[in-house]
Asker: 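One structure coming up, written as structure tokens, with questions to follow.
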Amino acid sequence: MDCRISKGFSLLLIFSLLFIQSRAGTSGSVFFLDSLTHPFLRPRSSDGAMEVDTLLLPEVGAAVSVLLGFAPSATLSAASSVKLNEILMPNPFERPRSVLVLEVRGVEDPEVVVEHDNSLLHSAIKRKVFFGSDKAEILLPGDDQVSVVSLDEHLSFDLDTNCNDKEISDFASWMGGSYVANELKSLNGELTIPLASGANLNLHMSKKADREFIASLLSLTQNIRRVVEMHQDMSGSMQNAAELLTGCFDGIKVLDEQYGSGGVGLQGVELLLTTLSKMFGSLQVAYKGQIVGVVSFSGTPPSSSEKMLDVIYTSQPTTRSLEEVEDSPDLTATIKVALVRKTLAWITGIILVVSTLLGYLLSSEYATDEGHSVVF
């Protein structure tokens, strides 16, 4: 009898430990990146210490909705509202209406890398976040008021001819590093990039993990660059819709599976943050400071195939990818209508000018003929 009780107690203890471990795996961290020119977030504490307050994932989704200029869920509790007030500026008329939301999987807390002064997250507002078992929602109105652009269009070295040695070499030069290609075989060279910590990250394209990590990083940078180009092309239009840029980065998981969470994996996190810092700066310039960032980190997300923040429309959803936004028939039709209207306006103006001149000339000739008749 005592043996059975002992075994039962042992099983209960094992299940309890497994439950605690699974719950611990659903935590992570989230960083709120403010605009460089227009403060939309409250300043950090004067002592500069990293924030340790916790947020639930639905509260992160509510914060994104508010930053876009929309009301959060009606079910948001008073306690959650207090948490948001500690992050967001109180003026409801001062919202960026453009938000970059990026989920980074494979690292729960990049605090070691954040300690560098030039890190993207060094001056950001940090919160611990608990993901729970369900996804959270970002509530948005119809797509006539908000544009959702996906940054998840992935490039593959095996399928996309644009992913080649030249792309890697250009990226290395942009990051202040170098890429030595293999003259006998493509995508078989060595990439070296200096990091803010003083170390060098060395990646060999002959290794699948290194190649997939760089492919993910190049995909993210190219997608953000296309967003910048698209926004600059549309900057002269009369569109006032909010913009949500959403993406997920899984490249760190590949390095962790190959090399472990330290060493190369940690250097990969540092390279990712350095790259994000440069890209976020480009977004700041393109959006003239009217954009903020929300970057979340999760070591073991509840679902490895879906995003933890789900976009929910309150009316008529039309989620568009980056490529669909660029080739949108509505945008093309709008441009055509504007061009036709402008052309008609010019033609009408020219006709009016010509008509006025003809009228003046005819009236002058009539007056001359009438004068001759009187004299005659």
Side-chain angles (χ1 to χ4, degrees), residues 102-107 110 112-113 116 118-120 150-230 247-283 297 299 304-305 321-323 326-327:
L102 182 66
E103 298 179 14
V104 180
R105 298 170 178 171
V107 53
V112 177
V113 180
H116 301 305
N118 59 345
S119 170
L120 171 69
S150 173
L151 303 176
D152 292 332
E153 296 180 16
H154 190 69
L155 303 178
S156 172
F157 287 115
D158 299 325
L159 301 177
D160 198 312
T161 57
N162 291 327
C163 287
N164 48 37
D165 287 324
K166 184 180 183 304
E167 291 290 330
I168 303 175
S169 180
D170 292 342
F171 175 76
S173 300
W174 184 58
M175 297 300 298
S178 62
Y179 178 68
V180 180
N182 190 319
E183 297 180 356
L184 301 178
K185 185 178 180 181
S186 62
L187 299 177
N188 201 42
E190 181 178 359
L191 173 66
T192 302
I193 296 180
L195 303 175
S197 60
N200 288 330
L201 174 61
N202 298 311
L203 297 175
H204 299 268
M205 295 303 102
S206 59
K207 298 180 180 180
K208 182 180 179 181
D210 296 12
R211 191 167 60 249
E212 290 182 356
F213 170 73
I214 291 299
S216 299
L217 202 55
L218 285 177
S219 299
L220 180 62
T221 56
Q222 290 190 17
N223 287 333
I224 293 180
R225 282 172 180 164
R226 292 169 64 187
V227 168
V228 170
E229 294 174 359
M230 179 184 67
C248 185
F249 186 81
D250 291 322
I252 301 300
K253 291 198 307 180
V254 178
L255 293 182
D256 286 347
E257 292 172 358
Q258 179 68 29
Y259 302 104
S261 58
V264 176
L266 192 60
Q267 290 179 343
V269 175
E270 188 173 351
L271 177 58
L272 169 64
L273 295 184
T274 303
T275 305
L276 279 179
S277 180
K278 295 171 74 69
M279 299 310 301
F280 190 67
S282 299
L283 289 171
F297 295 84
S304 59
S305 60
S321 68
L322 180 60
E323 192 168 325
E326 288 183 325
D327 301 330

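Just so it is clear, the values below take in all heavy atoms, side chains as well, and ignore hydrogens, waters and symmetry mates.
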Asker: Mind checking side chain to side chain contact (heavy atoms under 4.5 Å, CB included) for V264 and listing every partner two or more places apart, or none if nothing turns up?
Answerer: L201, L203, L255, Y259
Asker: Please set out all donor-acceptor pairs under 3.5 angstrom arising from side-chain atoms of residues 172-180, sequence neighbours excluded.
Answerer:
{"unit_1": "S173", "atom_1": "OG", "unit_2": "S169", "atom_2": "O", "d": "3.1"}
{"unit_1": "Y179", "atom_1": "OH", "unit_2": "D165", "atom_2": "OD1", "d": "2.7"}
{"unit_1": "Y179", "atom_1": "OH", "unit_2": "G189", "atom_2": "N", "d": "3.1"}

Asker: Once you round to the nearest 0.5 Å, how far does CD of E212 lie from NE2 of H154?
Answerer: 7.0 Å
Asker: Test your reading of the model: is there a side-chain donor-acceptor pair from N164 to the backbone of S186, 3.5 Å cut-off?
Answerer: no
Asker: For E270 and A196, which heavy atoms make the closest approach, and how far apart are they?
Answerer: OE2-N, 2.9 Å
Asker: Residues two or more places apart in sequence or in another chain: which of them pass ring-ring contact (aromatic ring centres under 6.0 Å, His included) with F213?
Answerer: none
Asker: Taking the side chain as every heavy atom from C-beta outward, state whether L102 and L220 have any atom pair closer than 4.5 Å.
Answerer: yes
Asker: Do the side chain of D152 and the main chain of C248 share a donor and acceptor less than 3.5 angstrom apart?
Answerer: yes
Asker: Taking side chain to side chain contact (heavy atoms under 4.5 Å, CB included) as the definition, give me every residue that meets it alongside E190, ordered by chain and number, with sequence neighbours left out.
Answerer: T192, N202, H204
Asker: First locate atom CG of L218, then atom CZ of F171, and finally report the distance between them rounded to the nearest 0.5 Å.
Answerer: 6.0 Å
Asker: Would you say E153's side chain and N223's backbone share a donor-acceptor pair under 3.5 angstrom?
Answerer: no
Asker: How long is the gap from OG on S219 to CG on D250, to the nearest 0.5 Å?
Answerer: 11.0 Å
Asker: Specify the closest pair of heavy atoms between G106 and K253, including all atoms of both residues, with the distance to one decimal.
Answerer: CA-CG, 3.5 Å
Asker: I'd like to know if the side chain of T221 and the backbone of L217 have a donor-acceptor N/O pair within less than 3.5 Å.
Answerer: yes
Asker: Do V227 and L151 touch side chain to side chain, with heavy atoms closer than 4.5 Å?
Answerer: yes
Asker: Any chance you could lay out the side chain to side chain contact (heavy atoms under 4.5 Å, CB included) test for T274 and I193, step after step, and finish with the verdict?
Answerer: CA-CA 11 Å; T274 303; I193 296 180; over 6 Å; no
Asker: Looking at CG of D210 and CE of M205, how far apart are the two atoms once the value is rounded to the nearest 0.5 Å?
Answerer: 5.5 Å
Asker: With sequence neighbours excluded, give me every salt bridge (Lys or Arg N to Asp or Glu O under 4.0 Å) pair touching residues 172-185.
Answerer: none
Asker: Do I214 and L191 have side chains that approach each other closer than 4.5 Å (heavy atoms only, starting at C-beta)?
Answerer: yes
Asker: Just jot down the salt bridge (Lys or Arg N to Asp or Glu O under 4.0 Å) partners of K166, sequence neighbours excluded, or say none.
Answerer: D170
